[in-house]
There are 2 protein chains.
Amino acid sequence: MRTLTIGQLAREAGVNVQTVRYYERRGLLAEPPRRESGYREFPESDVARLGFIRRAQALGFTLAEIGDLLSLRVDPQTTSADVHRRVEAKLKDVGEKMADLRRIRSALRELATSCKAHGPVGDCPFLDALDAQGH
Amino acid sequence: MRTLTIGQLAREAGVNVQTVRYYERRGLLAEPPRRESGYREFPESDVARLGFIRRAQALGFTLAEIGDLLSLRVDPQTTSADVHRRVEAKLKDVGEKMADLRRIRSALRELATSCKAHGPVGDCPFLDALDAQGH
DNA sequence: GTAGACCCTGTACGTAGGTACCGAGTCAAG
DNA sequence: CTTGACTCGGTACCTACGTACAGGGTCTAC
C-alpha cells in the first residue's frame, strides 16, 4: 500500500503540516508507523479522513465531537447498545442542524425572489423570517 | 413598544451580558438607544436576532458571515443585483452544508441499523462511508 | 435614603483551534 | 558528497469568540 509523508498528506488534504500533527495529538488521526528515521508514514486513507474532519468542522462540530463520530466506527470496549445510543444522539444533532439550515435556506430564497421584484433595494426585511421561528 | 435592559435581553436569549455587548461592538446588534443614565434599551426583536445568531453559529457560520447574512436584509448602499449575488453565494454555502449533513446522516443511519444486527460490537467500520465521498 | 441588584466602560484573561519558529536530523538529485 | 527541500519534537504565538473583573454610577423596594 502506498504511504504518504506528512507533507504529501497535508498537501493532498489541503491542510497544513502542523495541523496534521495537531490532529494526531488530539487523537483524530491514529499515530502512523514510522520509518527508521522517525518520519511518519500515513496510509492514503488519511487523506479522506482529513477531508471528513474539515467538512464536519464546517458544520459546527467541535474536534471533540468529530472524535466521537470517528470513534463510533470501531471501539471494542463499548457495547452495541452503547454505540446505538451515541449514534442516536448524533442523529438528533444532525437533524437539528438540518432543520436550521432549511430555515435559513428558505429565508434566503424568499429574499432572492422578493428583492428581484422591486429593482432598487432599500427595504427588503425578509430575513426577519429567520428571527421569528423556533427554539 | 416594550424595551429590554441588557440583562433582560441576555436572560431571554440565553446568552450572557458580556456577549451582548460584544455582539454590539462587532456590529451584529444595532446600537440601541440609551436612557439618560446611559442604560441601553433594546427592542424585543433583538431576542430573536440573538437566537438567529446562535443557531447560525452552531452551523459553522463565523460571526463575520452572520453579519453578512443579517446585513442582507436592508442596506440602502447596495444594488439589487449585488444583494442577489450575495444571496446566491450564501445559498451555495448552505446547500453544501446540507449535502454534507445528509452524508453524515446516512452514514450514521447505516451504522445504527448494521450494528444493531450483530450484537457485540467489535467491527462496525461503516463510518468509512463518510470518508470516501465527495469534494 | 439605603441595600441589593443592575448597568456603565475598560481592560484583562480564557479556550478552541490552529500556525510559526527553532535547531537539528534526513532524503533525493545532480 | 553536497545542496535544498523535507521532517523531527518542542515551544511560543495567533485569531476568533467570548468571559471575568474592577471601579463606579443607577434603580427599585423597602
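Just so we're on the same page: letters track the sequence lines, and every chain starts at 1.
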Next item on the list: Return the 5'-most residue of the pair Gln57(B), Ser37(B) with respect to DNA chain D, ranking by each residue's nearest nucleotide.
Entry: Gln57(B)
Checklist line | Residue whose nearest DNA chain D nucleotide is more 5′ - Leu63(B) or Arg40(A) | finding: Arg40(A)
Checklist line | Span of DNA chain D, from the first to the last nucleotide whose atoms fall under 4.0 Å of chain A heavy atoms | finding: dC6(D) to dG9(D)
Item checked: side chain to side chain donor-acceptor pair (under 3.5 Å) partner of Tyr22(A), the single match among Glu24(A), Arg26(A), Arg25(A) -> Arg26(A)
Check: Hey, are the side chains of Leu70(B) and Ile66(B) touching, using non-hydrogen atoms and a 4.5 Å cut-off?
Finding: yes
Next item on the list: Taking only Lys NZ, Arg NE, NH1 and NH2, and the carboxylate oxygens of Asp or Glu, determine whether Glu96(B) and Lys92(B) approach each other closer than 4.0 Å.
Entry: yes
Notebook entry, point to check: Charged N to carboxylate O below 4.0 Å: is that the case for Arg35(A) and Glu41(A)?
Noted result: yes
Notebook entry, point to check: Would you find a donor on one side and an acceptor on the other, under 3.5 Å apart, between the side chain of Lys90(A) and the backbone of Leu69(A)?
Noted result: no
Check: Counting N and O atoms only, with roles assigned by atom type, does the side chain of Asn16(B) sit under 3.5 Å from a partner on the main chain of Thr19(B), one being a donor and the other an acceptor?
Finding: yes
Notebook entry, point to check: Could you give the start and end, 5' to 3', of the contact zone on DNA chain C for chain A, using atoms under 4.0 Å from its heavy atoms?
Noted result: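 On DNA chain C, the outermost contacted nucleotides are dG17(C) to dC27(C).
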Check: Would you say the side-chain atoms of Ser71(B) and Arg86(B) include a donor-acceptor pair closer than 3.5 Å?
Finding: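 Looking only at side-chain atoms, Arg86(B) and Ser71(B) do form a donor-acceptor pair, the distance falling under 3.5 Å.
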Item checked: Positions of residues 14-36 of chain B (non-hydrogen atom under 4.0 Å from DNA chain C), listed by number -> Arg21(B), Arg34(B)
Notebook entry, point to check: Is it the case that one hydrophobic cluster holds both Phe42(A) and Tyr39(A), taking links as side-chain heavy atoms less than 4.5 Å apart, direct or via other members?
Noted result: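 No; tracing contacts between hydrophobic side chains, which count when under 4.5 Å, never links both residues.
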